[in-house]
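Working notes for the structure below.
Order of the sequence lines sets the chain letters (A, B, ...), proteins ahead of strands, with each chain counted from 1.
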Amino acid sequence: MIQKPRGTRDFLPDEMEARRNTETKMREAVRRWGYREVCTPEFEDLELFTLRSGEGIMQEMYVFEDKGGRKLALRPEITAAVIRMYINEAKVAPKPLRWCYFADCFRYERPQKGRYRQFWQFGAELIGADTAIADAEVIMLAADALNATGVTWDLKVGHLAFMKNLLKDLESSAQRRVMAHLDKKDFEGLKATLADMSKADLGESLTALVECRTLGEAFEIAGMIPEKERVEQMTGILDASGVTYSLNFGIARGLDYYTGMVFEGFAHNLGAENQIVGGGAYRLAHLFGGDDVASSGFAIGFDRVMVSLGDVQPKKNTIVGIVCTNEGRTFALSVARAFRAEGIRAEMDLMERGLGAQMAHASKSADFAVVIGGREAEAGQVTLKNLHSGEQKTLSPAVAIAEVKAHGAR
RNA sequence: GCCAGGGUAGGGUAGUCUGGUUAUCCUAAGGGGCUGUGGAUCCCUCGACCCGGGUUCAAAUCUCGGCCCUGGCCCCA
């Protein structure tokens, strides 16, 4: 027996319904903010991803060569591709651009709870706006999209300017090492690294910055920063908009391309892999040969949202089982068409079963049975049976459709 | 890449320590009987010991390797 590849999943109809349901909620949330969907290729030039994230990530990518000898990779994320597309196709479009996407990505990693080798990201990118309100919009948008799904989570918002100010005398490679420690809250390692650099005095203020939870404290620790006003404006907008968040200046998210605002979200009921969203303001376009446009965005780990939501029964549409005898079949086919034309799921027997067996089958899956035998066919009527209550009455097809419609989704 | 626990009909289980025809209630599926009104009942069928090597007269069981699953570490663009 052929098994599916490691880290991939099959989705049966019930699960797909639940996934589409959640997906639709997120789509609808961002649509209301004016974000429109884009789509990029499933695979890209390998360089697109190594330019952004370094050669090291090749270990965790699906890399292959096509028949023309091109080095390609299955996309491990979407942001780089969206920015590439912006440079290729939409550089002169009026700013700002509000784009969203829902797409599968691939990473060659050890599967765990909420981590798969093929996984789906729902995200948005805001291109060409470099203001406090733009920063705030991306955060509020992410919060809206996640809250729409019903998942419970915590939002942590930070800004890189504070940490960068403390580290401004360090080489960029040294900065990166320090940031990595802070991102992990690895204060022991931080101490050692700083000692190596003979910058031990930084340890205390860095630790205090990571631990502090108010803007005032952060300014005190990090000193005056040029972005002060922008950060204050952004948090002001968030506060006025009723977004629930906590400040956290230890969020690093890779110093290379994130430039200012950064944020992360964590689901309440997941295991080790509980981050369900990450985002921030970044500059990437210049890496791919474009202008140095300011962008911001986020990506939601869709599969983790689904794990966090657990087994929720998707709303089912009313199903009608058409039950007929041989004499009634021709009329039954036209009645089935009429139900479908009105948007109602109608299923007919395909197994050449007898009336009782058809009933038995319908009662397992459907809400109503529409019985059509010789008598009904002759009279141009149907017998509508409510399979939940057991009531049945003989009606014209149009009235039967109206009754089923009135019943609504269960 | 590392650690722990797992893998037995479509789903759920017992059996593994102590090798000896595997099995089960439930459930699902297919067929039949019956049938102008349903989840019933009766009968039948289908269906698995993750894969491969080793030990053995004999392996679901012991042993080695692999694959996969679950969780954790690492990583997380």
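- Look at B/rA29: its Watson-Crick or wobble partner, with both distances under 3.5 angstrom, is B/rU45.
- Comparing the same atom, P, in B/rA28 and in B/rG66 gives a spacing of 41 Å after rounding to whole Å.
- At a cut-off of 3.5 angstrom, counting only N and O atoms as typed in the model, there is a donor on one side and an acceptor on the other between the side-chain of A/Glu273 and the base of B/rC75.
- At whole-Å resolution of the value, CG in A/Leu387 and C1' in B/rU37 are 10 Å apart.
- Counting non-hydrogen atoms under 4.0 angstrom, A/Ala362 reaches nothing in the nucleic acid.
- As rounded to whole Å, 17 Å separates atom P of B/rG38 from atom CG of A/Leu384.
- Using N1 to N3 plus N6-O4 or O6-N4 for Watson-Crick, or N1-O2 and O6-N3 for G-U wobble, each under 3.5 Å, B/rA14 pairs with B/rU22.
- Residue-level contact check: A/Gln275 touches neither bases nor backbone, having no heavy atom under 4.0 Å from any strand.
- Under the 3.5 Å distance criterion, with hydrogens and angles disregarded, no donor-acceptor pair is assigned to the side chains of A/Tyr62 and A/Gln118.
- Here, B/rC51 and B/rA4 have their C1' atoms 23 Å apart, quoted to the whole Å.
- With hydrogens and angles left out, the side chain of A/Lys385 and the base of B/rG38 share a donor-acceptor pair within 3.5 Å.
- Remark: A/Thr22 OG1 to A/Phe302 CZ distance equals 5.5 Å, nearest 0.5 Å.
- Contact check for A/Phe249 versus A/Ile221: no side-chain heavy atoms found under the 4.5 Å cut-off.
- Contact check on A/Arg75 versus A/Asp104 returns a salt bridge, with a Lys/Arg side-chain nitrogen under 4.0 Å from an Asp/Glu carboxylate oxygen.
- Judged purely by distance below 3.5 Å, without hydrogens or angles, the side chains of A/Glu376 and A/Thr383 pair a donor atom with an acceptor atom.
- Taking a cutoff of 4.0 Å between a charged side-chain nitrogen and a carboxylate oxygen, A/Arg84 and A/Asp45 do not qualify as a salt bridge.
- Relative to the side chain of A/Arg110, the nucleotides B/rG38, B/rC76, B/rG71 differ in distance, and B/rG71 lies closest.
- Going from atom OH of A/Tyr62 over to atom P of B/rA77 covers 18 Å, rounded to whole Å.
- In this structure B/rG1 sits in a base pair with B/rC73, meeting the Watson-Crick or G-U test at under 3.5 Å.
- Look at OH on A/Tyr116: it is 11 Å from P on B/rC69, rounded to the nearest Å.
- Among the atoms of the strands shown, only primed sugar atoms or phosphate atoms (P, OP1, OP2) are found under 4.0 Å from some heavy atom of A/Gly7.
- Spacing between atom CE of A/Met359 and atom P of B/rU41 amounts to 19 Å, rounded to whole angstrom units.
- Under the 30°/60° scheme for interplanar angles, the aromatic rings of A/Phe43 and A/Phe64 are found to stand perpendicular.
- If you take atom C1' in B/rG10 and the same atom in B/rC43, they sit 23 Å apart, rounded to whole Å.
- At a threshold of 4.0 angstrom between heavy atoms, the contacts of A/Gln59 with the nucleic acid are absent.
- Atom C1' of B/rG5 sits at a distance of 32 Å from the matching atom of B/rA77, rounded to the whole Å.
- Of the C1' atoms belonging to B/rC50 and B/rU70, the separation is 16 Å, rounded to the nearest Å.
- With respect to the salt-bridge test (charged N to carboxylate O, under 4.0 angstrom), the residues A/Arg345 and A/Asp367 do not qualify.
- Atoms CZ (A/Arg9) and C1' (B/rC68) sit 16 Å apart, rounded to a whole Å.
- Judged by Watson-Crick or G-U wobble contacts below 3.5 Å, the nucleotide B/rG39 has no partner.
- Each of A/Met61 and A/Lys4 lies near RNA chain B, and the nucleotide nearest A/Lys4 is the one positioned closer to the 5' end.
- When side chains are defined from C-beta on, A/Phe49 counts as touching A/Glu77, because their heavy atoms get closer than 4.5 Å.
- If you take CZ of A/Phe119 and C1' of B/rC75, they are 13 Å apart, rounded to a whole angstrom.
- A residue-by-residue look at A/Thr8 and A/Glu109 shows that A/Thr8 has its nearest nucleotide of RNA chain B further toward the 5' end.
- Rounded to the nearest Å, the gap between the P atom of B/rG15 and that of B/rG38 is 42 Å.
- Rounded to whole angstrom, the span from the CG atom of A/Asp14 across to the P atom of B/rG10 amounts to 20 Å.
- Ion pairing of A/Glu28 with A/Arg31 is present here, as a side-chain N (NZ or NE/NH1/NH2) and a carboxylate O approach within less than 4.0 Å.
- Judged by distance alone with a 3.5 Å cut-off, no donor-acceptor contact links the side chain of A/Arg107 to the base of B/rC75.
- Close to B/rG71, at under 4.0 Å from its OP1 or OP2, lies no side-chain N or O of A/Gln112.
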Review point. Going 5' to 3' along nucleotides 27-36 of chain B, which nucleotides have protein heavy atoms under 4.0 Å from the base (write B), which only from the sugar-phosphate (write S), and which from neither (write -)?
Key: ---SS---BB
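- B/rA14 and B/rA48 have their C1' atoms separated by 14 Å, with the value rounded to a whole Å.
- The P atoms of B/rG11 and B/rC64 are separated by 28 Å, rounded to the nearest whole Å.
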